[in-house]
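No hydrogens, no waters, no symmetry mates; every other heavy atom, side chains included, goes into these values.
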Amino acid sequence: MSPSKAFIFLALLSFSPQLFLTISSAVEDNGLLMNYYKESCPQAEEVIKEQVKLLYKRHKNTAFSWLRNIFHDCAVQSCDASLLLTSTRRSLSEQEHDRSFGLRNFRYIDTIKEAVERECPGVVSCSDILVLSARDGIVSLGGPYIPLKTGRRDGRKSRVDLLEAYLPDHNESISSVLDKFGAMGIDTPGVVSLLGAHSVGRTHCTKLVHRLYPEVDPALNPDHIPHMLKKCPDSIPDPKAVQYVRNDRGTPMILDNNYYRNILDNKGLLLVDHQLAHDKRTKPFVKKMAKSQEYFFKEFSKAITLLSENNPLTGTKGEIRKECSVANKQHHDEP
């Protein structure tokens, strides 16, 4: 809290402790509200939900994309849809960075945005669409419904230069991953639950061949190795061939706690999965989530909520983009 705010609060406290608590809470709030669009666009959340359902029915993998989007956007300093911006003359898109490899289906975010624009032109931000599509995508995958606040505004530039500093990577130490999520207020069980998103979707061979070549990582379960070698037969995979291994061969399309049983059995594909199951700080929570899906969902819901509220742009900050892939024209070249 700034010195000026502290002075005001102390002055208020001398008159009314209750008034102090009320105003303190309001000032420190991040500006997001539950059902923010209830007056300006009452059907916004319903339109987004219906679009997510339609897209999932046609393209099952969209739900994985929505879930990855919230990680890749909100973890990079602010939940502001900077991930959705395409490259310009002056700014490289976050989508072009190595850590964004495999992210796709951005065109379907535009589909959702167009549907919302038909309902309420210029009202709903792309960052709120990104967050709410993730929420509804989680439900499509069999995960919990997570009530999330809205009212975010869109950033005007990509944050590609900040990706490595903020976005946890699958090859980083578990300490680094815990630190980066911890900076967002997400505790250890929250981090363990968020990595449970690896329960669905797939891992591209380019991200795991170092565990297979030139020698197989001895930490891998021997029963799992033949399948991995079959799916990733080359030590230098062709990215255009989109070679991959399903994260969970048992329930690949369902967000569930099977992931935790897999990693305890040394069937995690990524190094971070293996570390999660063996580090003394995280292993107790892995075991608990492996036993209880209810506990997994409880911690996952709390962590997604915190992630979605990471340093949002609200009030007069940022803008409401007309197209999610392009900042509004008058701001294209603004810093």
Donor-acceptor contact below 3.5 Å, side chain Gln275 vs main chain Ile174: yes
Side-chain ion pair, Glu45 and Arg135, N-O less than 4.0 Å: yes
From CA spacing to verdict: side chain to side chain contact (heavy atoms under 4.5 Å, CB included), Leu306, Met184: CA-CA 7 Å; Leu306 288 169; Met184 294 177 249; over 6 Å; no
Nearest heavy-atom neighbours spanning Leu141 and Met253: CD2-O, 3.5 Å
Straight-line distance of Leu83 CG to Ser93 OG, nearest 0.5 Å: 7.0 Å
Contact summary for Ala290 and Asn257, nearest pair of heavy atoms: O-ND2, 3.2 Å
Donor-acceptor contact below 3.5 Å, side chain Asn221 vs main chain Lys267: no
Donor-acceptor contact present, side-chain Asn247 to main-chain Leu269, <3.5 Å: no
Distance in Å, Leu208 CG paired with Cys232 SG, rounded so as to fall on 0.5 Å steps: 4.5 Å
Between NE2 on residue His278 and NZ on residue Lys283, distance to nearest 0.5 Å: 6.5 Å
Leu313 reachable from Val326 in the ILVMFWY side-chain graph, under 4.5 Å edges: no
Heavy atoms from other residues, nucleotides or ligands near CD of Glu294 exceed 12 (cutoff 6.0 Å): no
Polar side-chain atom of Thr314 near backbone of Leu32 as donor-acceptor pair, under 3.5 Å: no
Flag side-chain contact, heavy atom, 4.5 Å: Asn69 against Ile109: yes
Side-chain heavy atoms of Phe285 within contact of Tyr260, under 4.5 Å: no
Check: Asn171/His210 side-chain N/O donor and acceptor closer than 3.5 Å: yes
Aromatic ring pairing His204/Tyr244, orientation class (parallel under 30°, perpendicular over 60°, tilted between): perpendicular
Pairwise side-chain contact, Val124 with Glu119, heavy-atom cut-off 4.5 Å (strictly under): no
Polar side-chain atom of Asn328 near backbone of Lys322 as donor-acceptor pair, under 3.5 Å: yes
Side-chain touch Ile112/Trp66, heavy atoms, less than 4.5 angstrom: yes
Non-hydrogen side-chain atoms of Glu94 and Val160 separated by less than 4.5 Å: yes
Single-linkage hydrophobic cluster, 4.5 Å side-chain cutoff, Val123 and Leu84 together: yes
N/O donor-acceptor pair under 3.5 Å between Arg321 side chain and Cys324 backbone: yes
Face-on cation placement of Lys60 at Tyr56 ring, 6.0 Å and 45° thresholds: yes
Approximate separation, where rounding is to 0.5 Å, of Leu162 CG and Ser78 OG: 10.5 Å
Verdict with reasoning, Gln51 to Thr111, per side-chain hydrogen bond (donor to acceptor under 3.5 Å, both in side chains): CA-CA 8 Å; Gln51 286 297 312; Thr111 300; over 6 Å; no
Spacing of OG belonging to Ser40 relative to NZ belonging to Lys38, to within rounding of 0.5 Å: 10.5 Å
Minimum heavy-atom distance between Phe181 and Pro168, given as atom pair plus value: CE1-CG, 3.6 Å
Test item: Ser133 side-chain N/O and Ile129 main-chain N/O as donor-acceptor pair under 3.5 Å: yes
Asp256 vs Gln293, side chain to side chain contact (heavy atoms under 4.5 Å, CB included): CA-CA, chis, key distance, verdict: CA-CA 7 Å; Asp256 59 16; Gln293 181 150 290; 3.0 Å; yes
Worked verdict on Leu178 versus Thr188 for side chain to side chain contact (heavy atoms under 4.5 Å, CB included): CA-CA 7 Å; Leu178 289 171; Thr188 299; 4.1 Å; yes
Working for side-chain hydrogen bond (donor to acceptor under 3.5 Å, both in side chains), residues His59 and Asn105: CA-CA 10 Å; His59 315 281; Asn105 291 326; over 6 Å; no
Donor-acceptor contact present, side-chain Asp154 to main-chain Cys126, <3.5 Å: yes
Closest non-hydrogen atom pair, Tyr166 against Ala75: CB-O, 3.4 Å
Connected via hydrophobic side-chain network under 4.5 Å: Leu271 and Val192: no
Heavy-atom side-chain contact between Lys53 and Asp136 under 4.5 Å: no
Min side-chain heavy-atom separation Ile138-Leu67 under 4.5 Å: yes
Nearest atoms (heavy-atom pairs only) where Val131 meets Cys79: CG2-SG, 3.6 Å
hydrophobic_cluster_shared for Leu132 and Leu54, side chain cutoff 4.5 Å: no
Side-chain donor/acceptor of Asp128 to backbone N/O of Arg152, under 3.5 Å: yes
Inter-residue atom distance Leu130.CG - His72.NE2, 0.5 Å rounding: 11.5 Å
Residues Asp248, Tyr259; criterion side chain to side chain contact (heavy atoms under 4.5 Å, CB included); working and verdict: CA-CA 7 Å; Asp248 177 1; Tyr259 164 77; 5.6 Å; no
Side-chain touch Leu167/Lys180, heavy atoms, less than 4.5 angstrom: no
Nearest heavy atoms of Leu255 and Ser199, plus distance in Å: CA-OG, 3.9 Å
Transitive ILVMFWY side-chain link Val245 to Tyr213, under 4.5 Å: yes
Between Asp273 and His170: side-chain donor-acceptor atoms closer than 3.5 Å: no
Heavy-atom donor-acceptor pair, Ser301 side chain to Ile146 backbone, under 3.5 Å: no
side-chain hydrogen bond (donor to acceptor under 3.5 Å, both in side chains) assessment of Ser127 paired with Ser125: CA-CA 5 Å; Ser127 47; Ser125 68; 3.1 Å; yes
Chi angles and distances behind the salt bridge (Lys or Arg N to Asp or Glu O under 4.0 Å) call for Lys317, Asp80: CA-CA 10 Å; Lys317 297 177 182 177; Asp80 65 353; over 6 Å; no
